[in-house]
Amino acid sequence: NQQKHATSMDLRHDLAKLLIKLRMFDEAALLLSQGLGLSGQGSDSHFSGRDVTRDVATLLLLADVHASEGGEASGAGFDGGDFDEDGSDEGKDGGDEVEEQLSASRAKLFDALERAKHIQHEHLTSMISDSSVAEEDLKAQRRIMSDICCRVANFHGSAKASANKGFKAEAREQLMMECYNEALTAHPMGCEAMILLAKLHFKRGDLEACAEKCETVIRVQQHESPDAGPLGDETSGDVWQEDLGGNLGGAPVVGPREEAVLMLADLCFAKKDSDGAMAHLLELLEQQPRHYDALARLIQLLWRAARLAEEVPKLLRNAEAATPKAFADPGLCYCKGLFHRLTHDTHQALHYLNRARRDGEWGGAALMLMITVYIEPFLERAFQLEDKKGDVEGKAKDKALGKKAGRGDGEVNEEESVAIAQHLFGELAVIAGPLLTAPLGSIGNQTQADVKGTSFSNARYGTSCMGGGGLLNAGFIQSASYQRCAALAVRTLSTEIVLAHAFVGRKKEVVTEAEFEGLAQQMVDVLEADKEFTPAMLALAAMFMLQDQEQKARNMLKRIVKMPFAQDQSEAFENAYMILAYFYIDKAKFDLAQELCKRCLQYNKSCANAHETLGSILERECAYKDAAEAYERAWSFTFQGSPSVGFELAFNYLKAKRFVEAIDVANEVIKRFPTYPRIKAEVLQVAMESLRP
């Protein structure tokens, strides 16, 4: 009878999983409930400890059924977050009937988890008191109890799941804390619970407690048994392992040790200790060269530390050597695309990002970065006063944001670039889904587990053109609301595409005043969701410039400059500093411009635009030797990828009577950018004539 019962439950589990995939939730719930009745669940008539484990697995699978049922009713994933922090339902599209169905699913889900927790607690207590139980069996049951507690904590962490109970954010966090501590009581060396508790400490601002848990995880992983491995390993039987799968609340994709090291890097990042963060990321990549989340973040940090050229190529080679079919690996292609973008090699950047753009995990970030590459030059030029004054100085300057528009001047069709960006955003919109359509107040409040497995998981939502950063600028757990951050970045990027289109077609007035008002309202909505989201402010400033409202644009930039620097939006802050510095230069306020440049370089030593702007100030003061040194640094940090910087460097070499250097740089610019204007006549020929006796 015991063997028949075991076989019956195994078949019920397999059939229930199939019914879930077919969205036949009522049938799956009935099937599993009948199985619990056959086993005597609810009474004390279990055949053996093995039956207890099966009943717990059955209850957890039943919880999965109700979670899927709730997601189906809401039109999104169950943890999609259609409720705000106060538990309101402003994002709800259905009527009372749908809400009743959701409430019932939540109640059933919580009931199944609580029943599983109660049964497992009693079973574990009896095993602890039985001296004849093998140590390995006891460890396995401790892991099961810990995993259930983590899953209950994840339930409490979902605003949607807790909405009916009227829990506020603080109350939910307290319940999660209690569940994680209970998990650690059951399994003191449970690294997964420690990691989740560390993340909660980080969210609550208790960085010391977070660091303590991370360090404990690393010690346990280094010195303890494989018991500290990934969730679901070495459990008592295939049923448990298969049923829990990846549905354990908050279970990390990577191992706990890697997760802990990554979190320590984020702690250093939060404390503005970039060197410490880089040390942790390098340690992780020595062990796992293919950890692309860490690699992408390290590339950004090394770029800001002016160590990009020295260290990143080696890291990419290590990852490539450890990657089968490296040419097609989307994570590696994304990292290569990011590296080439930072080295101003636009062609190679697009080449690699295009390989990653259709991937389910990296596609969203790759698409956002591709869109940025296409529209960035036009948004930069929206702030250029030369365009408005007819380039009175006769110099082909590309002042504004950090990366110059010199990607082959005269070779880029402006309208075609914007059209490509619009097409790519259409692909991004399919991936983003409700991040673009749902009310911003209803998005967010998720834990990391709620968005895992999407292109926007792990804060991997790329960047908006004006500097909204996720993976590129922020840490893995920097934000308490991953989807909300992604939504803000995606919506800001959609506005920037329209602004680029408006700039390209400014003579035809392709964007009407009504459309500008709509864009402004969209950015206002973003700022209402996050009043310090700097990329949205920059987008508004660009919009004011396109509407010839220069004073409003300056005021918006001054507002950003007065804000405290935020590491997770560093690129946006740097852009604001440099744009405002350019306004100051136009007004001959060179001291204020220099101060902003130095402030920018304090956070990003590789900011070529800051070095170029300093060179521009020195050039205006006729200090050509010092200006040439500043332009040398700018030329180096653009990796000889900006013809405008090359022109300025060669021009100042000429003025400083360094004719040989001027000829060398001019030849390099002509070689790389054959169509770039005036440098041959204004610099190369003049320098060559000056060398003649």
Side-chain angles (χ1 to χ4, degrees), residues 341 346 349-350 353-354 357 364 366-388 398-432 435-437 462-468 487-527 533 535-550 552-553 556 572 575 579:
R341 183 207 173 208
T346 305
L350 292 173
L353 292 171
N354 189 56
R357 73 185 241 239
L367 282 167
M368 293 190 77
L369 205 52
M370 290 181 72
I371 293 169
T372 297
V373 170
Y374 277 112
I375 68 173
E376 188 175 38
F378 312 125
L379 291 178
E380 293 171 0
R381 289 169 58 194
F383 288 99
Q384 290 179 23
L385 300 180
E386 284 96 338
D387 280 347
K388 298 180 177 297
D398 292 309
K399 295 281 190 181
L401 299 172
K403 293 183 184 64
K404 305 307 168 205
R407 298 174 173 86
D409 292 47
E411 298 176 3
V412 178
N413 185 308
E414 294 182 344
E415 294 182 357
E416 183 180 351
S417 294
V418 174
I420 293 173
Q422 291 171 332
H423 173 77
L424 292 173
F425 190 82
E427 295 183 19
L428 181 66
V430 175
I431 298 174
L435 296 180
L436 275 171
T437 57
T463 177
S464 75
C465 186
M466 304 301 287
L488 298 180
V490 172
R491 296 183 191 212
T492 302
L493 187 61
S494 70
T495 298
E496 292 166 356
I497 292 174
V498 180
L499 293 178
H501 180 55
F503 176 81
V504 170
R506 57 195 181 282
K507 294 181 180 179
K508 302 177 183 177
E509 297 184 356
V510 295
V511 178
T512 64
E513 284 299 321
E515 289 174 318
F516 273 124
E517 291 177 4
L519 293 176
Q521 184 58 50
Q522 180 166 300
M523 291 299 93
V524 169
D525 292 341
V526 168
L527 290 173
F533 192 67
M537 298 182 191
L538 278 175
L540 280 173
M543 188 183 310
F544 291 144
M545 289 297 291
L546 290 172
Q547 293 178 299
D548 294 324
Q549 299 179 32
E550 187 178 314
K552 286 187 176 181
M556 183 64 69
N575 290 340
I579 295 169

Report summary line: side-chain contact (heavy atoms from CB on, under 4.5 Å) filter on A541, not counting sequence neighbours, yields F383, A553, M556, L557
**Report entry** Worked check of side-chain contact (heavy atoms from CB on, under 4.5 Å) between Q422 and F425
**Finding:** CA-CA 5 Å; Q422 291 171 332; F425 190 82; 5.7 Å; no
Report task. Run the numbers on L546 and V511 for side-chain contact (heavy atoms from CB on, under 4.5 Å), then give the verdict. Result -> CA-CA 10 Å; L546 290 172; V511 178; over 6 Å; no
Of the non-hydrogen atoms in [X] and [Y], which two are nearest, and what is the gap between them?
{"X": "I497", "Y": "A421", "result": "CD1-O, 4.0 Å"}
{"X": "A432", "Y": "V490", "result": "CB-CG1, 4.3 Å"}
{"X": "G364", "Y": "L428", "result": "O-CD1, 3.7 Å"}
{"X": "I375", "Y": "A500", "result": "CB-CB, 3.8 Å"}
{"X": "F516", "Y": "A502", "result": "CZ-CB, 4.0 Å"}
{"X": "A539", "Y": "T492", "result": "CB-CG2, 4.4 Å"}

Would you compute the distance between atom [atom1] of [X] and atom [atom2] of [Y] and round it to the nearest 0.5 angstrom?
{"X": "T346", "Y": "M370", "atom1": "OG1", "atom2": "CE", "answer": "12.0 Å"}
{"X": "R357", "Y": "I371", "atom1": "CZ", "atom2": "CD1", "answer": "10.0 Å"}
{"X": "L353", "Y": "M368", "atom1": "CG", "atom2": "CE", "answer": "12.5 Å"}
{"X": "M543", "Y": "E496", "atom1": "CE", "atom2": "CD", "answer": "10.0 Å"}
{"X": "M545", "Y": "L499", "atom1": "CE", "atom2": "CG", "answer": "12.5 Å"}
{"X": "L538", "Y": "T495", "atom1": "CG", "atom2": "OG1", "answer": "12.5 Å"}

Side-chain heavy atoms of [X] within contact of [Y], under 4.5 Å:
{"X": "R381", "Y": "E414", "value": "yes"}
{"X": "D525", "Y": "R491", "value": "no"}
{"X": "E513", "Y": "Q547", "value": "yes"}
{"X": "Y374", "Y": "L350", "value": "yes"}

Requested in this report: Please step through side-chain contact (heavy atoms from CB on, under 4.5 Å) for the pair V498 and E515, ending with a clear verdict.
Outcome: CA-CA 9 Å; V498 180; E515 289 174 318; 5.8 Å; no
Query raised in the report: Does E376 reach the main-chain N or O of V373 with its side chain, forming a donor-acceptor pair under 3.5 Å?
Result: no
Query raised in the report: Checking side-chain contact (heavy atoms from CB on, under 4.5 Å) for the pair T372/L493: CA distance, chi angles, key distance, verdict?
Result: CA-CA 8 Å; T372 297; L493 187 61; 4.3 Å; yes
